[in-house]
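Atoms within a ligand are numbered from 1 in the order they appear, just like the ligands themselves. Position 1 is the first residue of the sequence; numbering continues from there.
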Amino acid sequence: MAFLEIDSLNAFYGKAQALHDVSVQVEAGEIIAIVGANGAGKSTLLDSIMGLTTVTGDVRLDNESLAGKRSAEIVASGVGYAPERFNLFPYMSVEDNLLVGAYTARDDIDKNLATVNKLFPRLKERRKQETSTQSGGERQMVSLGRALMTSPRLLLVDEPTIGLAPKVCVEISEALQKMRDELGATIVITEQNANFAMTLAERLYVLESGVIKAQGTVDELRGDSRLTEAYFGH
Ligand SMILES: Nc1ncnc2c1ncn2[C@@H]1O[C@H](COP(=O)(O)OP(=O)(O)O)[C@@H](O)[C@H]1O
Ligand SMILES: [Mg+2]
């Protein structure tokens, strides 16, 4: 039994089906990537793990079913989420945005804030700055930091590199590796950028039109046409 087990997940927006029989297994301590073009269903998959969509099928974390749980309960059971477009409060400071993330983990606030500040020294320097005035890379750091404030065992990150310069992508990649290596988080990212996904993740799933078209290790999928097709869309 893997740490995260997604079994035959179907997700619906009204009558439209956005995920079809999606199954994903993630071992504890792995970094995996869900790669797919715009509209493939990447955000829907992460939203579905968080209990934010209408689904059939099951999601189990450490052998405990998340099906039917409310999002706050899913966060409390150890899932941190850094969603697409961050959902930060633009007119609040960096530090207040981080503290909003801590609402389910009252006991660990100081420890988690110290962890985030160590991981992202730039956020500590700029803790009083409104996030609306920050660069995309800094806001991505606040978003990752906010997810860490919930003491996650599983971290879900939606398109961590979208709109970021290559140099900033490297910083984000290093931070995610530290979250796994030093904090012990298991990590699932989504990406349109297959090259970035292959440098960070150990295994990939290729998602196309809500269907898993291929899966394997980075070496197994290198040069696979299904990966290139997912990247460029169709
Ligand atoms: N709130 C929504 N209501 C209706 N359809 C949606 C909604 N969100 C996403 N979709 C549809 O679900 C499919 C997958 O979208 P999404 O998960 O956002 O893809 P991705 O994140 O890979 O770009 C698309 O066809 C999209 O139009
Ligand atoms: Mg998306």
Side-chain angles (χ1 to χ4, degrees), residues 4 6-26 31-59 66-72 74-75 79-88 90 136-137 139-144 146-147 152 154-165 168-169 172-173 176 187-201 203-216 221 224-234:
L4 174 69
I6 300 173
D7 273 348
S8 303
L9 195 70
N10 297 290
F12 303 87
Y13 294 109
K15 286 187 180 145
Q17 186 167 355
L19 294 178
H20 302 263
D21 200 27
V22 167
S23 293
V24 170
Q25 296 83 34
V26 189
I31 301 180
I32 70 133
I34 311 288
V35 180
N38 215 353
K42 302 182 296 298
S43 300
T44 301
L45 178 55
L46 299 190
D47 281 350
S48 299
I49 297 171
M50 296 310 297
L52 296 168
T53 61
T54 304
V55 297
T56 66
D58 197 13
V59 177
L66 303 182
K69 286 194 176 184
R70 287 179 300 117
S71 299
I74 292 170
V75 173
V79 188
Y81 189 18
E84 199 177 7
R85 291 185 288 276
F86 318 141
N87 289 337
L88 300 178
R139 277 183 278 164
Q140 180 59 267
M141 290 172 197
V142 179
S143 176
L144 292 174
R146 187 177 56 180
L154 172 68
L155 182 65
L156 309 177
V157 188
D158 203 6
E159 301 212 41
T161 67
I162 195 159
L164 302 185
V168 186
C169 293
I172 296 296
S173 174
L176 287 166
I187 299 178
V188 175
I189 67 163
T190 71
E191 268 298 337
Q192 290 187 48
N193 182 342
N195 289 329
F196 177 83
M198 292 175 92
T199 61
L200 176 64
R203 284 194 305 119
L204 310 171
Y205 288 81
V206 178
L207 187 63
E208 190 186 303
S209 305
V211 177
I212 300 285
K213 285 290 164 92
Q215 65 181 78
L221 287 181
D224 191 309
S225 60
R226 291 167 300 186
L227 192 60
T228 343
E229 281 161 24
Y231 190 12
F232 292 113
H234 55 127

Take Tyr205 and Val22 through the side chain to side chain contact (heavy atoms under 4.5 Å, CB included) test and state the conclusion after the steps.
CA-CA 10 Å; Tyr205 288 81; Val22 167; over 6 Å; no

Do side-chain atoms of Thr190 reach the backbone of Asp158 as a donor and acceptor pair under 3.5 angstrom?
no

Is there a side-chain contact between Ile49 and Val188 in this structure, where contact means two heavy atoms from C-beta onward sitting under 4.5 Å apart?
no

Taking the side chain as everything from C-beta on, heavy atoms only, tell me whether Met141 gets closer than 4.5 Å to Ile172.
yes

Tabulating one pair per line, provide the atom names and distances (0.1 Å) for every N/O atom of ligand 1 that is less than 3.5 Å from a protein N/O atom.
{"from": "ligand 1", "atom 1": "17 (O)", "to": "Thr44", "atom 2": "N", "distance (Å)": "2.9"}
{"from": "ligand 1", "atom 1": "17 (O)", "to": "Thr44", "atom 2": "OG1", "distance (Å)": "2.5"}
{"from": "ligand 1", "atom 1": "19 (O)", "to": "Gly41", "atom 2": "N", "distance (Å)": "3.1"}
{"from": "ligand 1", "atom 1": "21 (O)", "to": "Ser43", "atom 2": "N", "distance (Å)": "2.9"}
{"from": "ligand 1", "atom 1": "21 (O)", "to": "Ser43", "atom 2": "OG", "distance (Å)": "2.9"}
{"from": "ligand 1", "atom 1": "22 (O)", "to": "Ala40", "atom 2": "N", "distance (Å)": "3.2"}
{"from": "ligand 1", "atom 1": "22 (O)", "to": "Gly41", "atom 2": "N", "distance (Å)": "3.0"}
{"from": "ligand 1", "atom 1": "22 (O)", "to": "Lys42", "atom 2": "N", "distance (Å)": "2.8"}
{"from": "ligand 1", "atom 1": "22 (O)", "to": "Lys42", "atom 2": "NZ", "distance (Å)": "2.8"}
{"from": "ligand 1", "atom 1": "23 (O)", "to": "Asn38", "atom 2": "OD1", "distance (Å)": "3.3"}
{"from": "ligand 1", "atom 1": "23 (O)", "to": "Gly39", "atom 2": "N", "distance (Å)": "2.7"}

Taking every heavy atom of Lys42 against every heavy atom of Ile34, the minimum-distance pair comes out as CD-O, 3.9 Å

With sequence neighbours left out, what residues match Ser23 under side-chain hydrogen bond (donor to acceptor under 3.5 Å, both in side chains)?
none

So, Ser43 and the Mg ion (ligand 2): N/O/S under 2.8 Å, yes or no?
yes

